[in-house]
Every structure is written in C-alpha cells, then in structure tokens.
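Below is one structure; the comments refer to it alone.
Ligands are counted one by one from 1 in listed order, and the atoms in each one are counted from 1 as well. Just so it is clear, the model here is predicted, and its values are computed rather than measured.
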Amino acid sequence: MQEVIQVNVLKRDDDEENKIYELESLINTAGGTTIAYVSQIVDKVNPRYYIGKGKVAEIKDLAEKLEVKTVILDVELSASQLYNLEEELKLHVVDWTTLILDIFAQRANTKESRLKIKLAQLKYQLPRLNKWFSYLSRQAGGIGTRGPGETMLETDRRAVVRDIKSLERQLKDIEKTKRINREARKNITNISLLGYTNAGKSTILNGMMHLYGQEKFVYSDDLLFATLDTSTRRLDFANTKVTLTDTVGFIDNLSDELNDSFLTTLDEIKFADMLMIVIDASHNIEHQIHAIETAIEGIDMDKKDILYVFNKMDKVENDFAVKLFKREQERIYISAREDEDLERIKDKIVSIIKANYKMVKMHIPFADGDILDYMMTNYDILATEYDEDGTNIQFEISKGDMEKYGKYIQGI
Ligand SMILES: Nc1nc2c(ncn2[C@@H]2O[C@H](COP(=O)(O)OP(=O)(O)OP(=O)(O)O)[C@@H](O)[C@H]2O)c(=O)[nH]1
Ligand SMILES: [Mg+2]
C-alpha cells in the first residue's frame with residue numbers, strides 16, 4: 001500500500017466529515033492508504049499553491065516526519081500550482097482529477113471505457129506536459145502515474161494531439177454502433193438508473209434482474225466507481241417490457257476532462273424515456289442531488305418521466321432529511337436488498353408507464369399499410385375490424401405515438 005497524506009480543501013458550508021471520507025475511499029480504491037489528514041477552509045484560492053503557504057509548510061513537516069512521498073488533494077490544480085507545490089514540497093502531488101482518472105485507468109475493462117479514459121488523461125495532461133515529464137522522470141510509479149501517460153515520456157505535444165484525434169475517431173465509431181443498437185430498443189420503455197457513485201444503482205439492477213430478468217448480473221461493490229461502463233438489460237413485467245440501463249456514478253467537482261468520461265452516462269440519459277435517480281438516503285442527500293443536477297444540466301427532461309429512488313432506507317435512523325426532500329416528481333423509499341421493495345419499484349414503473357398510454361381507436365386506410373404494420377408489431381391490438389377503405393384497430397398507444405399518428409385516431 002502506498003502511504004499518502006490526504007488534503008481536503010473545504011468551502012465554509014461543506015460537510016467536512018463526508019468530504020474526508022470520500023477522498024479516503026477514493027485513495028483506497030486507487031490502492032493507497034491515508035496516514036495523515038490535513039484540511040483547510042479556503043475562501044480565496046492562493047494562485048501559487050491553491051492552499052495557503054502556511055498549510056504547505058505544515059504538509060512538508062508532516063511528510064518529513066512520516067516519511068511519506070505522496071500528497072493527494074481533493075481539488076483540481078492548474079499546471080503551475082501542481083509544479084509549484086511539487087517544487088516546494090519535494091513530493092509527488094496528485095490532484096482530484098488525476099486521482100479519479102487513475103482509478104478509471106486501473107479498472108476500465110471494456111474497449112470503450114479504456115479509450116474514454118485514455119482520451120480524458122491525454123486532454124488533462126496536454127496543458128501540463130512539461131510538468132508531467134518532470135515528475136514522471138522522478139517517479140517510480142504509483143497513484144497518478146498509471147495509464148497511457150507513461151508512454152508519453154517518448155512522445156511530444158504533437159503526438160499527443162494526434163493521439164487525441166485518433167481516440168476521438170475510434171470513439172465515434174463505437175458510438176455509431178451503439179446508436180444502431182439503441183434504435184432496435186426503440187419501442188420499449190428505456191429506463192436509466194443514475195445517481196452518485198455508491199448509491200446502489202447496480203444493486204437495484206441486479207435485484208430486478210433476479211426477479212424479472214435473466215441472471216445476467218453486473219458488478220456491484222462497496223467501492224466508489226464500482227461501475228465504469230453502462231450496461232443495458234431487458235426486463236419483463238408481465239405485459240410491460242422495459243430495458244434498464246446501469247450507468248457510471250457521478251461525483252463532485254467533475255472537471256471537463258472528467259465529464260467527458262461520463263458522456264456515456266449522459267448519452268444514455270438523453271436517450272432514456274424514464275430516469276430512476278438513485279439516492280443513498282443514509283447520508284448527504286442534498287449533496288448527491290446537487291452533483292447529479294449539475295451533471296445533467298442541459299439535457300432536455302421534458303419528455304422524460306422521473307422517479308426518485310431513496311435507497312438504503314435500512315440504514316436510515318432518522319428519516320427527517322429524507323422526507324424533507326420535496327420535488328413534484330414521483331418518489332419511492334426502498335432498500336435494494338429487500339425483494340418486496342424491488343417489487344414496489346416494479347409496480348411504480350408499471351403505473352408510470354401505464355399513465356403514458358391511452359386507449360384509442362384508429363382508422364388506418366389500406367393505402368397506409370406500413371402504419372398498420374407498425375402498430376401491429378409494436379402494440380397488443382385488442383380489436384380489429386375492416387371496412388371498405390381501411391382497418392379499424394383498438395389498443396393502448398404511447399403518448400409519443402399518439403402525437404405522431406394523431407390523424408388516424410378516431411376515438412378515445
Ligand atoms: N445497507 C444497504 N446497502 C446497500 C443497499 N443497496 C446497495 N447497498 C450497498 O452499497 C454498495 C454500493 O452499491 P452499488 O450497487 O455497487 O452502487 P452503485 O450506485 O452501482 O455504485 P457505482 O457503480 O460505484 O457508481 C454495495 O456494497 C451494496 O451492497 C441498501 O439498500 N442497503
Ligand atoms: Mg454500479
């Protein structure tokens with residue numbers, strides 16, 4: 001285990017305990033162990049070191065006493081801050097973005113996520129290249145040095161730009177294939193699970209799979225960033241078919257480079273008909289909601305149903321904070337470990353979907369055979385009658401199709 005000093009940079013109204021716990025969990029996930037905690041409330045960023053000069057001196061003393069070689073901060077540093085801190089401390093300094101990218105680089109295991117992380121790392125490193133070379137040549141490895149950056153020692157800035165372009169091209173191809181797969185999923189309700197990392201998204205997906213799908217489980221663990229890829233599973237609730245998509249969890253303070261790594265999650269969200277926003281009800285609800293809402297800002301939510309899922313209710317002693325949360329959308333309180341609660345989620349999903357369907361009678365002229373085909377393929381038709389110029393059908397139609405094919409509707 002690599003021993004590190006962890007430095008939490010706090011705003012005045014931050015929940016200090018939670019921030020310390022979060023950084024320590026990430027350090028553990030990256031393969032390190034915190035042996036000293038330093039924190040500072042920073043109202044005004046010191047352009048030279050980000051933190052105050054006095055704090056820098058304190059860290060230096062501490063590192064000498066404890067013989068620690070690495071310090072990890074929970075903020076993103078500019079190239080010059082990183083450089084100044086390393087020069088002053090004579091330590092390996094890892095910032096928030098590098099730490100998270102390092103975890104992703106270690107654990108990404110599909111082609112897409114590997115390409116995404118590599119791209120994010122290169123974009124982060126590009127403006128910091130000189131700095132990067134200097135510490136890579138001094139360092140033997142460890143947190144913050146893993147991944148494609150290692151090979152950059154032999155390359156130059158132009159090569160990095162070329163690599164970035166090539167990665168972007170490869171990712172575009174993957175995206176194209178995904179889009180085609182999504183087209184095929186078009187006529188069932190697509191539900192995305194999203195939420196802060198460790199909220200229980202994968203556990204919910206697995207629980208639902210166990211009850212309503214096949215046993216094709218996804219990885220879940222008590223780790224930040226257990227899930228690094230989106231995965232979609234089909235579920236069958238009697239007459240209602242849905243897909244459920246597990247996504248990469250969000251975390252605070254995502255820089256642009258990091259946000260790119262979450263684009264898969266954001267893409268899934270754009271495409272989804274329904275969002276299940278999973279919240280760990282056992283701590284810091286407002287904080288999670290803030291991070292989620294910041295991340296999905298800019299996505300058009302108008303046509304999407306939203307269900308807030310307050311998970312881990314078994315760990316909640318006082319539900320005051322949970323009940324305080326007010327939004328107009330649907331919400332449900334559960335523990336993903338209880339089958340009964342998962343059944344309640346299913347009932348809720350079915351009722352939301354049903355509310356989106358209306359019983360209609362349609363008259364489709366013989367000339368529009370393709371429309372009739374579409375309805376027959378995608379809906380359970382309850383009654384069919386023919387007259388001299390077309391076909392009359394009765395069935396429950398989705399809101400979207402109701403708008404689109406309104407001209408064929410004869411009665412409700
Ligand atoms: N006590 C309790 N623990 C839960 C519950 N749901 C999930 N967990 C635990 O919380 C941890 C995280 O669960 P995951 O399902 O991996 O969380 P996730 O949201 O997929 O997390 P990431 O993939 O890291 O974003 C695991 O150890 C789960 O066993 C719950 O209802 N109650
Ligand atoms: Mg997960």
Side-chain angles (χ1 to χ4, degrees), residues 18 21-30 99-110 112-113 116-117 191-211 213 216-233 244-254 258-259 261-266 268-269 272 275-285 287-289 291-292 294-296 307-319 321-322 331-346 348:
N18 194 57
Y21 173 76
E22 183 167 276
L23 180 57
E24 187 170 8
S25 308
L26 288 172
I27 290 170
N28 290 337
T29 306
L99 175 64
I100 294 174
L101 286 173
D102 194 85
I103 293 173
F104 277 39
Q106 276 183 69
R107 308 219 355 273
N109 53 19
T110 62
E112 183 179 18
S113 56
K116 282 221 154 104
I117 301 316
I191 307 171
S192 277
L193 290 155
L194 63 134
Y196 210 74
T197 177
N198 210 44
K201 300 175 291 298
S202 301
T203 309
I204 292 175
L205 176 70
N206 284 339
M208 302 288 275
M209 286 301 292
H210 176 67
L211 292 177
K216 269 163 68 187
F217 298 131
V218 297
Y219 178 66
S220 139
D221 203 344
D222 197 6
L223 272 182
L224 298 184
F225 299 121
T227 304
L228 288 177
D229 287 293
T230 60
S231 38
T232 297
R233 299 283 188 272
L244 202 52
T245 299
D246 190 19
T247 62
V248 183
F250 294 117
I251 199 160
D252 241 4
N253 292 328
L254 287 177
L258 273 178
N259 234 330
S261 321
F262 289 88
L263 281 182
T264 339
T265 290
L266 297 179
E268 289 297 337
I269 296 171
L275 301 180
M276 280 168 63
I277 300 185
V278 183
I279 294 157
D280 178 347
S282 68
H283 73 277
N284 236 313
I285 294 172
H287 172 78
Q288 294 172 61
I289 289 174
I292 296 164
T294 313
I296 65 178
L307 173 60
Y308 283 95
V309 180
F310 289 88
N311 188 32
K312 306 199 190 181
M313 288 303 287
D314 55 300
K315 281 171 74 181
V316 175
E317 276 160 25
N318 178 350
D319 67 3
V322 181
R331 78 196 76 132
I332 190 166
Y333 307 96
I334 65 141
S335 165
R337 294 180 173 172
E338 300 290 335
D339 281 357
E340 278 167 31
D341 286 3
L342 296 169
E343 284 166 24
R344 286 198 296 118
I345 294 189
K346 181 217 52 171
K348 196 93 183 178

Taking all non-hydrogen atoms of both residues, which atom of [X] and which atom of [Y] are closest, and how far apart?
X: I103; Y: A30; answer: CG1-CB, 3.8 Å
X: T227; Y: V248; answer: O-CG1, 3.6 Å
X: I292; Y: G195; answer: CD1-CA, 3.8 Å

[atom] - nearest protein heavy atom and its distance:
atom: atom 8 (N) of ligand 1; result: K312 CE, 3.7 Å
atom: atom 9 (C) of ligand 1; result: R337 NH2, 3.7 Å
atom: atom 25 (O) of ligand 1; result: K201 NZ, 3.0 Å

Look only at interatomic distance and state if [X] has a nitrogen or oxygen under 3.5 Å from any nitrogen or oxygen of ligand 1.
X: L224; result: no
X: F225; result: yes
X: T203; result: yes

Would you say [X]'s side chain and [Y]'s backbone share a donor-acceptor pair under 3.5 angstrom?
X: R107; Y: A226; result: yes
X: N311; Y: A199; result: yes
X: N198; Y: L224; result: no

_Out of G200, S202, A226, G207, who is nearest to atom 24 (O) of ligand 1 when you count heavy atoms only?_
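That would be A226.
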_Among N198, N311, L193, which one puts a heavy atom closest to atom 21 (O) of ligand 1?_
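Looking at heavy atoms only, the winner is N198.
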*asked:* I'd like to know whether ligand 1 has G195 as a neighbour, heavy-atom separation below 4.0 Å.
replied: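 No, G195 has no heavy atoms under 4.0 Å from ligand 1.
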*What about the rings of Y333 and F310, do their centers lie closer together than 6.0 Å?*
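Here the rings of F310 and Y333 have centres that are less than 6.0 Å from each other.
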_Carboxylate-amine/guanidinium contact E112 K116, below 4.0 Å_ =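 Here E112 pairs with K116 in a salt bridge, since their nearest N and O are under 4.0 Å apart.
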*Looking at D280 and K312, does any basic side-chain N land under 4.0 Å from a carboxylate oxygen?*
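K312 and D280: salt-bridged.
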For [X], atoms of ligand 1 separated by under 4.0 Å from a heavy atom:
X: T197; answer: 22 (P), 24 (O), 25 (O)
X: G249; answer: 25 (O)
X: T227; answer: 20 (O), 22 (P), 23 (O), 24 (O)
X: S335; answer: 30 (C), 31 (O), 32 (N)

*Of the options T110, I269, T247, which is the one that meets T230 in a side-chain contact (heavy atoms from CB on, under 4.5 Å)?*
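Single side-chain contact (heavy atoms from CB on, under 4.5 Å) partner of T230 among T110, I269, T247: T247.
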Using a 4.0 Å heavy-atom threshold (strictly under), name the region of [X] that reaches ligand 1: side chain, backbone, both or neither.
X: D314; result: side chain
X: D221; result: backbone
X: K315; result: side chain

*Considering residues at least two apart in sequence or located in another chain, which fulfil the ring pair (Phe, Tyr, Trp, His ring centres under 6.0 Å) criterion with H283?*
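Result, ring pair (Phe, Tyr, Trp, His ring centres under 6.0 Å) vs H283: none returned.
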_D246 side chain to S202 side chain, donor-acceptor N/O pair below 3.5 angstrom_ =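 Yes, because at least one side-chain N or O of D246 sits under 3.5 Å from a partner of the opposite role on S202.
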*Under 3.5 Å, is there a donor-acceptor pair linking the side chains of Q106 and D102?*
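On atom types as modelled, these side chains qualify, holding a pair under 3.5 Å.
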_Tally, protein N/O/S atoms nearer to the Mg ion (ligand 2) than 2.8 Å_ =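 For the Mg ion (ligand 2), the figure is 2.
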*Residue that, paired with F225, satisfies ring-ring contact (aromatic ring centres under 6.0 Å, His included) out of Y196, F104, Y219*: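 Result: among Y196, F104, Y219, F104 is the only option passing the ring-ring contact (aromatic ring centres under 6.0 Å, His included) with F225.
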